[in-house]
Amino acid sequence: MINELLKRYPKLVTCKSDIENALNLMLKAYENNGKVLVCGNGGNASDSEHIVGELMKGFMLKRNVDDERIPLNLRKNLQGALPAISLVSQSGVLSAFANDVEPNMVYAQLVYGYGNDGDVLICLSTSGNSKNCVNAAKVAKSIGVKVLSLTGERESELFEISDCAVRVPETETYKIQELHLPIYHYL
């Protein structure tokens with residue numbers, strides 16, 4: 001599948017090893033019963049929701065549910081899920097924490113609450129310097145959550161602190177986001 005991705009998006013050839021490392025990070029988390037947490041701002045927040053939607057239900061392949069604890073009549077209408085949480089959709093705690101404590105720590109608070117050793121935090125930031133994503137990544141690293149960042153090509157704080165950073169070869173926000181989409185679909 002990586003070859004198809006690179007054929008369709010040749011600009012991503014420079015990111016091939018990082019994309020493969022990102023996949024391995026996620027696979028390891030799921031093989032160890034972990035989960036993925038996702039955050040971003042603006043368009044990246046929407047991408048966070050999109051990523052979680054693809055992970056929590058079948059994407060290209062149907063994921064049958066064989067869990068015999070669930071009655072068959074219910075099971076046949078479920079799809080296997082890869083556990084994932086979009087931190088951007090936690091509006092109650094986000095608004096309360098931003099109002100009562102510190103706005104740039106909202107995702108960090110959620111990572112602290114949801115994250116476990118071996119989970120993966122995906123930070124989407126076109127600049128790689130979004131303070132709330134950087135703070136979330138710092139907390140993640142402190143508690144054993146691996147950090148995967150999708151950014152633009154410029155050096156950034158997220159690049160420096162991530163376990164894996166995929167820096168797409170663009171500098172304009174919309175062009176960066178256009179290249180993030182096929183990467184996370186691949187993942």
Side-chain angles (χ1 to χ4, degrees), residues 1-2 4-6 8-9 11-12 15-16 18-63 78-91 93-94 106-111 113-116 118-130 132-137 139-141 145-152 156 158-159 161-168 170 173-187:
M1 289 181 68
I2 188 79
E4 181 182 343
L5 173 70
L6 299 177
R8 294 184 69 219
Y9 301 93
K11 282 190 137 188
L12 295 177
C15 305
K16 181 181 179 183
D18 292 327
I19 295 169
E20 289 172 329
N21 290 339
L23 178 63
N24 289 328
L25 208 60
M26 290 178 65
L27 287 173
K28 185 174 181 184
Y30 283 129
E31 287 167 355
N32 293 309
N33 296 314
K35 66 185 160 302
V36 169
L37 308 172
V38 192
C39 66
N41 301 298
N44 291 321
S46 297
D47 285 340
S48 297
E49 295 283 348
H50 187 163
I51 291 168
V52 169
E54 304 299 11
L55 293 172
M56 289 294 291
K57 63 167 198 57
F59 177 54
M60 293 183 62
L61 301 174
K62 184 176 180 183
R63 297 185 208 141
L78 291 174
Q79 296 180 8
L82 297 171
I85 301 169
S86 173
L87 301 182
V88 306
S89 65
Q90 311 291 307
S91 59
V93 70
L94 289 175
V106 293
Y107 295 147
Q109 177 65 33
L110 291 169
V111 167
Y114 287 130
N116 294 308
D119 289 344
V120 173
L121 170 66
I122 299 175
C123 295
L124 295 118
S125 173
T126 56
S127 70
N129 293 311
S130 302
N132 54 1
C133 292
V134 169
N135 290 335
V139 167
K141 301 272 298 176
V145 173
K146 300 294 184 187
V147 178
L148 163 58
S149 295
L150 300 178
T151 70
S156 66
L158 281 174
F159 171 73
I161 62 176
S162 295
D163 295 285
C164 177
V166 180
R167 293 171 34 197
V168 299
E170 287 292 350
T173 298
Y174 77 95
K175 290 179 180 179
I176 295 167
Q177 291 172 332
E178 286 174 353
L179 291 176
H180 284 175
L181 180 110
I183 292 170
Y184 67 69
H185 275 168
Y186 167 76
L187 297 173

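This is a predicted model, so every value here is computed, not measured.
The backbone N or O of Pro83 sits less than 3.5 Å from a side-chain atom of Tyr30, completing a donor-acceptor pair. Looking only at distances, no side-chain donor or acceptor of Tyr107 sits under 3.5 Å from a matching main-chain atom of Ala137. Glu54 contributes no side-chain N or O that, together with a main-chain N or O of Phe59, makes up a donor-acceptor pair within less than 3.5 Å.
At most 12 non-hydrogen atoms from other residues, nucleotides or ligands lie less than 6.0 angstrom from NZ of Lys28. The environment of Tyr114 atom OH is sparse: at most 12 non-hydrogen atoms of other residues, nucleotides or ligands sit within 6.0 angstrom.
Counting only residues at least two apart or on different chains, the ring pair (Phe, Tyr, Trp, His ring centres under 6.0 Å) pairs with a member in residues 31-55 are His50-Tyr184, His50-His185.
Residues passing the side chain to side chain contact (heavy atoms under 4.5 Å, CB included) test with Asp119, sequence neighbours excluded: Lys35, Asn116, Val145. The salt bridge (Lys or Arg N to Asp or Glu O under 4.0 Å) test applied to Asp163 returns Lys141, not counting sequence neighbours.
Of the candidates Val36, Val38, Leu148, Leu87, Leu121 forms a side chain to side chain contact (heavy atoms under 4.5 Å, CB included) with just one, namely Leu87.
The two residues Ala45 and Val88 make their nearest non-hydrogen contact at O-CG2, 3.6 Å. The minimum heavy-atom distance linking Ser125 with Asn44 is given by the pair CA-ND2, 3.7 Å. Across all non-hydrogen atoms, the minimal contact from Glu170 to Lys175 is OE1-CD, 3.4 Å. Considering all non-hydrogen atoms of both residues, Leu124 and Cys133 come closest at O-SG, 4.1 Å. Shown here for Asn41 and Ser130, the closest heavy-atom pair between the two residues is ND2-CB, 3.5 Å. Across all their heavy atoms, Val52 and Ser86 have their closest contact at CG2-N, 3.5 Å.
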Please walk me through it: do Ile183 and Tyr9 pass side chain to side chain contact (heavy atoms under 4.5 Å, CB included)?
CA-CA 10 Å; Ile183 292 170; Tyr9 301 93; over 6 Å; no

Take Lys11 and Val168 through the side chain to side chain contact (heavy atoms under 4.5 Å, CB included) test and state the conclusion after the steps.
CA-CA 8 Å; Lys11 282 190 137 188; Val168 299; over 6 Å; no

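A distance of 5.5 Å separates CG in Leu5 from CG in Leu12, rounded to the nearest 0.5 Å. The line from OG1 of Thr151 to CG of Asn129 is 9.0 Å long, rounded to the nearest 0.5 Å. Between the CG atom in Leu187 and the CG atom in Leu82 there is a gap of 12.0 Å [rounded to 0.5 Å]. Between Leu181 atom CG and Ile51 atom CD1 the span is 9.0 Å, to the nearest 0.5 Å. Here Ser156 contributes atom OG and Ile161 contributes atom CD1; the two are 8.5 Å apart, rounded to the nearest 0.5 Å. Rounding to the nearest 0.5 angstrom, the gap separating the CG atom in Leu37 from the CD atom in Gln90 is 9.5 Å.
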